[in-house]
There are 2 protein chains.
Amino acid sequence: MAGGPEDKRRLILDAAVRVFAREGYHDARVGDISKEAGVAYGLVYHYFTSKEAVLEAVFRETWGLMLTAIRGVEERGGPAPDQLRRVCAIVLRSWRDDPDLVRVLVREVARSPQIQREIDEIEQAFAALERIVERGQEEGTFTRDLSARMVALMLYGALEEILTGWVMSQLPDDDDAVAEAERTIVALFAQGLCR
Amino acid sequence: MAGGPEDKRRLILDAAVRVFAREGYHDARVGDISKEAGVAYGLVYHYFTSKEAVLEAVFRETWGLMLTAIRGVEERGGPAPDQLRRVCAIVLRSWRDDPDLVRVLVREVARSPQIQREIDEIEQAFAALERIVERGQEEGTFTRDLSARMVALMLYGALEEILTGWVMSQLPDDDDAVAEAERTIVALFAQGLCR
DNA sequence: TCGAGTCGATTGACGAGTCAATCGGGCGCC
DNA sequence: GGCGCCCGATTGACTCGTCAATCGACTCGA
């Protein structure tokens with residue numbers, strides 16, 4: 001099993017993340033991926049039906065993990081603002097955990113023509129955020145004046161833009177900055193700007 | 001002059017917006033653009049050095065107008081929350097004004113590998129938002145606890161995500177919804193969620 | 001006559017995807 | 001235990017369609 005087929009698949013997938021992060025999906029050649037993985041060109045097609053399928057697998061597997069983590073927050077329960085904070089922490093910390101992966105997701109998937117916004121999967125992330133906001137409204141912590149769906153969208157956009165800022169190095173991204181981003185987004189969405 | 005060269009250039013540019021909106025940049029053929037514009041294939045290359053240059057011109061000219069409008073808001077002055085509201089109105093209403101253009105900007109430019117985030121131009125939009133937030137902090141309307149730059153980024157992301165929601169039809173986009181989006185984003189950033 | 005503006009068939013590069021050949025290790029049979 | 005067969009894993013040279021970009025010809029007003 002140590003040399004089983006799944007290993008090569010993972011090898012290719014991990015290599016693809018590095019290559020896509022380095023070159024971008026469009027400029028990345030399938031040959032670059034096989035080379036980076038140390039396998040033959042054709043093997044990529046043994047495990048994936050196309051170059052796009054490789055990107056899709058990267059997205060699907062990562063996104064699945066993220067959704068699971070978010071659902072974990074929901075199940076653990078607690079006050080809505082706390083849940084929001086924990087979700088933001090998960091999303092923002094992913095940058096420290098695997099910058100290449102975040103780079104690929106932000107640049108190629110978030111709004112890409114390839115994988116035109118795996119609507120379904122991304123919708124589930126919105127839905128989770130929306131549920132948390134709704135729960136806050138029901139428990140009376142959050143105002144009912146704002147549409148939970150729209151707030152969820154804006155929260156998602158704010159998080160994505162912070163990650164993008166890091167990917168594009170428009171924003172410092174040391175540990176302090178990551179912690180500050182967490183603090184800022186929670187404070188902003190909870191209390192707003194006005195003093 | 002009615003048949004002067006600038007006319008054909010505009011013709012091509014406008015056609016390109018429609019074609020990119022319809023097909024996406026990658027799938028759009030240069031021939032599609034010339035056909036849509038009703039000019040010969042080669043003429044596209046008379047006015048632009050490459051297909052990518054066409055997209056870039058679309059971005060640059062539109063973004064210029066938007067920056068001018070935002071600077072207009074700044075110059076007109078007034079309380080920071082008001083300025084924020086006016087900027088949001090400009091951005092969000094652009095969807096009603098020219099959906100094709102917004103579709104292209106959101107899908108192809110915002111995070112694209114082509115025109116890799118015309119860093120400079122987009123930075124100026126961030127900077128304008130940042131200045132407005134800072135002014136609010138100086139006049140004492142906004143809390144000084146949050147980094148103006150980060151807030152600017154989050155605001156930008158929230159706006160972009162709303163537009164994206166419309167582009168991807170994940171969000172109703174009738175006149176009422178546009179008005180509600182304006183109200184929601186201003187209320188959220190000013191007061192936050194907590195009651 | 002001149003050249004700016006216009007035309008569109010041609011081309012040449014390029015890279016995704018194919019496929020036939022080879023490898024290798026598990027398994028049954030002697 | 002050892003031999004050899006079988007089949008999936010692996011290889012990489014090659015094919016083949018696709019466009020972006022070029023370029024030489026044509027038009028027409030000055």
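Within every chain, numbering begins at 1; the chains are lettered A, B, ... in the order of the sequence lines, protein sequences first and strands thereafter.
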A/A177 to A/W166 - nearest heavy-atom pair and separation | O-CZ2, 4.2 Å
Pair up each side-chain donor or acceptor in residues 122-134 of chain B with any protein partner under 3.5 Å, not counting sequence neighbours, and list the distances.
residue	atom	partner	partner atom	Å
B/E123	OE1	B/R149	NH2	3.2
B/E123	OE2	B/R149	NH1	3.4
B/Q124	OE1	B/R71	NH2	2.6
B/E130	OE1	B/R149	NH1	3.2
B/R131	NE	B/E74	OE1	2.9
B/R131	NH2	B/E74	OE2	2.7

Give the C-alpha distance, both sets of side-chain angles, the deciding distance and a yes or no for salt bridge (charged side-chain N to carboxylate O under 4.0 Å, His left out) between A/E36 and A/R22.
-> CA-CA 11 Å; A/E36 174 87 23; A/R22 183 167 6 105; 2.6 Å; yes
Between the two ends of the helix from C/dT1-D/dA30 to C/dC30-D/dG1, what is the bend in degrees, rounded to 10 degrees, where each end axis spans five pairs?
-> 10°
Do any side-chain nitrogens or oxygens of A/K8 fall under 4.0 Å of OP1 or OP2 in D/dT10?
-> yes
Check whether the side chains of B/R76 and B/Q83 place a donor and an acceptor atom closer than 3.5 Å, and report yes or no.
-> no
Here the gap from A/E180 atom CD to A/L171 atom CG, rounded to the nearest 0.5 Å, amounts to 8.5 Å
Looking just at side-chain N and O atoms, do A/E139 and A/T141 make a donor-acceptor pair shorter than 3.5 Å?
-> yes
Figure out the NZ/P separation between A/K35 and D/dT10, and round it to whole Å.
-> 20 Å
Given atom CZ of A/F48 and atom P of C/dT18, what is their separation to the nearest angstrom?
-> 15 Å
Interatomic spacing from CG in A/L153 to CD in B/Q170 - rounded to 0.5 Å = 6.5 Å
Nearest-Å distance, CG (A/L55) to C1' (C/dA16)?
-> 15 Å
How long is the line joining CG of B/L11 and P of C/dG5, in whole Å?
-> 16 Å
Would you please confirm or rule out a distance under 4.0 Å between OP1 or OP2 of D/dA9 and any side-chain N or O of A/H46?
-> yes
Its contact letters, B for base, S for sugar-phosphate only and - for none at protein heavy atoms under 4.0 Å, make nucleotides 12-30 of chain D read BB-----SBBB--------
Salt-bridge criterion met for B/R93 and B/E182 (N-O under 4.0 Å) = yes
